[in-house]
Amino acid sequence: MIQRPRGTRDFGPAEMAKRRKVELAMREACSRFGFGEVVTPTFEHSELFTLRSGQSIVDEMYVFKDKGDREMALRPEITASVIRFYVNEMSTHPKPLKLYYVGNCFRYENPQSGRYREFFQIGAELIGSKNPETDAEVIALAVNCIRSAGLENFVVRVGHIGVLKSLVREQIEDEKAAADVLRMIDKEDWDALGDMFDARVLPRKLFDRITAIADIKGGIEELNNLEDSEATRHLRELFDVLRLYGIEDCQVDLGIVRGLDYYTGMVFEIDAPKLGAEKQVLGGGSYALSELFGGEPVFSTGFAIGIDRVALAIDAERKIEPKPALDAYVIPTKDDMRKYAFGMVARLRSQGLRADVDLMRRTMSKNLKYASSLGARFAVIVGKEEMAKRSVTLRDMTSGKQEVVLADNIASEICKRMG
RNA sequence: GCCGGGGUGGGGUAGUGGCAUCCUUGGGGACUGUGGAUCCCUUGACCCGGGUUCAAUUCCCGGUCCCGGCCCCA
């Protein structure tokens with residue numbers, strides 16, 4: 001037997017119904033915010049991703065040579081492709097450009113709960129601005145996506161890497177040392193950072209300031225403990241706009257230093273605490289990528305949501321209600337009624353109802369059982385007596401009540417009872 | 001990449017150094033149109049590869065996959 005590759009999944013009809021529901025809710029949120037969908041290739045020149053990200057992403061990429069000996073990679077994320085698309089073909093569009101995408105991504109990682117080698121993201125990029133209101137718009141959309149999907153318990157943390165980045169760059173001249181310091185800050189590895197400061201005889205005072213800033217987590221008022229700077233002003237304005245958008249419960253967290261290489265300003269994350277180890281359902285921020293791909297310098301803000309994790313988190317909160325798969329199941333009472341049954345199911349389908357009919361030549365009682373297992377809302381029983389009256393028996397599968405209705409009215413009678 | 005815990009029909013299980021249990025599901029049949037029932041029949045499993053042994057599903061080793069944790073991320 002051929003096994004499914006490690007870290008991949010098959011999704012059955014019931015699970016897909018749930019996933020599509022979650023995905024559709026988030027698509028609609030993007031649409032409400034004026035974002036338009038784009039689709040980019042599943043694989044790209046691997047250079048696109050190596051330019052953007054550090055070695056850590058490269059190590060977990062699916063890379064291969066195509067038949068023309070070009071080095072390709074399955075996309076580990078979609079932001080880079082969207083920005084490439086923008087630089088290639090959309091750079092003269094009026095700003096801001098609002099784009100969203102949905103797609104599968106691939107990373108060769110060790111699978112565990114909420115982590116897969118093929119996973120699904122929905123994300124958005126707002127290209128052409130770095131104003132506080134831009135960042136607020138993107139965060140508002142992110143929160144709207146998560147809420148619309150039906151997730152209730154989540155934590156939004158917003159930071160600004162400008163605070164720590166400029167401080168470190170200012171105080172430490174050696175670029176590589178500065179990068180190392182930032183990396184350790186990102187990992188919150190204070191011991192290693194302290195050791196490094198000792199080894200390089202860097203000022204202890206700077207170390208204390210760094211840890212103090214990275215420790216700032218809480219409401220917007222936390223910023224009052226910092227001296228005024230471009231970054232703090234940006235965050236204050238951003239939070240003001242968020243409040244006007246009705247989003248009040250965001251936390252400030254200056255310890256977020258995600259994706260140091262290209263994130264330039266605001267960064268944010270959303271966690272679903274119920275998820276445990278893999279609780280981060282979203283990551284995003286503002287960045288300047290287009291230059292890397294040969295375009296004019298343009299600021300963008302974006303995010304990516306892990307659809308799998310959102311679905312898992314909603315499931316952990318409560319069951320996602322899949323809608324019944326069928327509106328009506330047509331049962332002939334006897335073999336000579338089958339032709340009548342096919343006509344009936346065709347009529348139902350043409351009226352837009354989800355209808356099915358017995359194809360297994362089952363008996364009446366087994367058909368009722370089967371209809372029940374399908375989750376059919378109604379059984380339509382067609383027999384000799386009904387046919388004589390140009391009618392059918394309509395059985396409500398939840399209540400068990402049934403009545404005889406005219407065949408011509410069957411679809412409308414069903415719709416009437418479905419509410 | 002590292003560290004735990006696991007793999008018995010499609011799903012859920014019992015058990016064992018020699019015959020693998022039960023439930024459920026699937027398929028068929030009986031019951032003259034409502035018995036979403038009941039009864040009968042039937043398909044179907046010890047993750048893979050080595051080793052120990054007269055004999056391995058069971059014990060040992062390796063792999064693989066699943067579950068969870070670290071790292072990182074979605």
Side-chain angles (χ1 to χ4, degrees), chain A residues 1-10 12 26 53-61 75-79 101-123 142 145-146 183 186-189 256-260 267-272 275-284 302-313 329 331-337 341 360-376 378-388 392-404:
Chain A
M1 205 165 82
I2 296 173
Q3 298 294 324
R4 161 164 51 78
R6 181 169 166 78
T8 63
R9 291 153 296 161
D10 297 311
M26 296 200 281
S53 320
Q55 190 62 29
S56 59
I57 288 284
V58 176
D59 288 340
E60 58 192 37
M61 271 203 305
R75 59 186 176 197
E77 46 108 12
I78 300 179
T79 296
Y101 57 82
V102 182
N104 50 351
C105 300
F106 307 84
R107 290 184 200 171
Y108 194 89
E109 288 195 275
N110 219 326
Q112 67 189 63
S113 163
R115 162 179 293 175
Y116 308 98
R117 288 187 175 169
E118 182 188 27
F119 58 99
F120 294 78
Q121 286 191 337
I122 178 167
C145 282
I146 302 284
R183 197 160 298 124
D186 188 25
K187 287 185 181 172
E188 299 181 317
D189 192 349
I256 310 175
V257 196
R258 42 182 304 108
L260 285 162
V267 285
F268 73 115
E269 297 180 348
I270 297 183
D271 295 339
L275 249 36
E278 304 298 318
K279 66 181 177 5
Q280 191 185 328
V281 297
L282 176 150
F303 64 80
I305 296 173
I307 295 177
D308 310 282
R309 289 185 184 177
V310 172
L312 278 173
Y329 181 76
I331 303 173
T333 56
K334 283 201 171 147
D335 279 346
D336 56 1
M337 287 295 117
M360 296 295 286
R361 304 186 179 180
R362 276 188 252 255
T363 60
M364 178 87 179
S365 83
K366 291 210 168 160
N367 263 325
L368 280 170
K369 183 182 176 179
Y370 179 67
S372 169
S373 75
L374 286 179
F378 292 92
V380 175
I381 299 163
V382 300
K384 213 167 199 158
E385 293 165 25
E386 287 89 342
M387 195 164 74
V392 296
T393 297
L394 188 58
R395 181 184 179 90
D396 184 323
M397 292 301 284
T398 47
S399 67
K401 283 183 196 160
Q402 54 185 58
E403 33 187 324
V404 177

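Order of the sequence lines fixes the chain letters, A, B, ..., with proteins taken first and strands second; residue numbering starts at 1 for each chain.
Residue contacts shown for A:Lys334 are limited to sugar-phosphate atoms, with no base heavy atom under 4.0 Å away. Contacts of A:Met397 with the nucleic acid, taken as non-hydrogen atoms under 4.0 Å apart, include base atoms. Among the heavy atoms of the strands, none lies under 4.0 Å from A:Ile307. Here A:Gly114 lies in heavy-atom contact (under 4.0 Å) with a base. Base contact: A:Tyr116 has a heavy atom under 4.0 Å from a base atom. When heavy atoms are screened at a 4.0 angstrom cut-off, A:Glu118 is found touching no nucleic acid atom at all. Contact annotation for A:Asn110: base contact, defined as any heavy-atom pair under 4.0 Å involving a base atom. A:Gly7 comes within 4.0 angstrom of the backbone, heavy atoms only, and of no base. Nucleic acid contact for A:Glu109: base, since at least one base atom lies under 4.0 Å from a heavy atom of the residue.
Using atom C1' as the reference point in both B:C67 and B:U58, the two lie 23 Å apart (nearest Å).
Of the possible polar contacts, one joining the A:Arg75 side chain to the A:Asn104 backbone as a donor-acceptor pair under 3.5 Å is found.
Among the nucleotides B:A74, B:C72, B:U34, the one closest to the side chain of A:Leu368 is B:U34. With distances taken from any side-chain atom of A:Ala304 to the nucleotides B:G69, B:U34, B:A74, the minimum falls on B:A74.
Along RNA chain B, the nucleotide nearest A:Gly306 and the nucleotide nearest A:Arg117 are compared for position; the residue whose nucleotide lies closer to the 5' end is A:Arg117. Ranked by how close their nearest RNA chain B nucleotide is to the 5' end, A:Ala371 and A:Thr8 are led by A:Ala371.
Under the Watson-Crick or G-U wobble criterion, with both distances below 3.5 Å, B:G1 is paired with B:C70.
Rounded to an integer number of Å, the gap from NZ of A:Lys384 to P of B:G33 is 11 Å. When rounded to the nearest whole Å, the span between CZ of A:Arg6 and P of B:C48 equals 18 Å.
Counting all heavy atoms, side chain and backbone alike, A:Phe119 lies closest to A:Arg9 at CA-NH2, 3.8 Å.
Side-chain contact between A:Lys366 and A:Thr363: present, with at least one pair of heavy atoms (C-beta onward) separated by less than 4.5 Å.
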Between N or O atoms, less than 3.5 Å apart, protein on one side and nucleotides 26-30 of chain B on the other: list the pairs.
{"from": "B:G27", "atom 1": "OP1", "to": "A:Arg362", "atom 2": "NH1", "distance (Å)": "3.3"}
{"from": "B:G29", "atom 1": "O6", "to": "A:Lys366", "atom 2": "NZ", "distance (Å)": "3.1"}

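Remark: A:Gln3 is not in phosphate contact with B:C65, judged by side-chain N or O atoms under 4.0 Å from OP1 or OP2.
A salt bridge links A:Asp271 and A:Lys279; the closest N-O separation between the charged side-chain nitrogens and carboxylate oxygens is under 4.0 Å.
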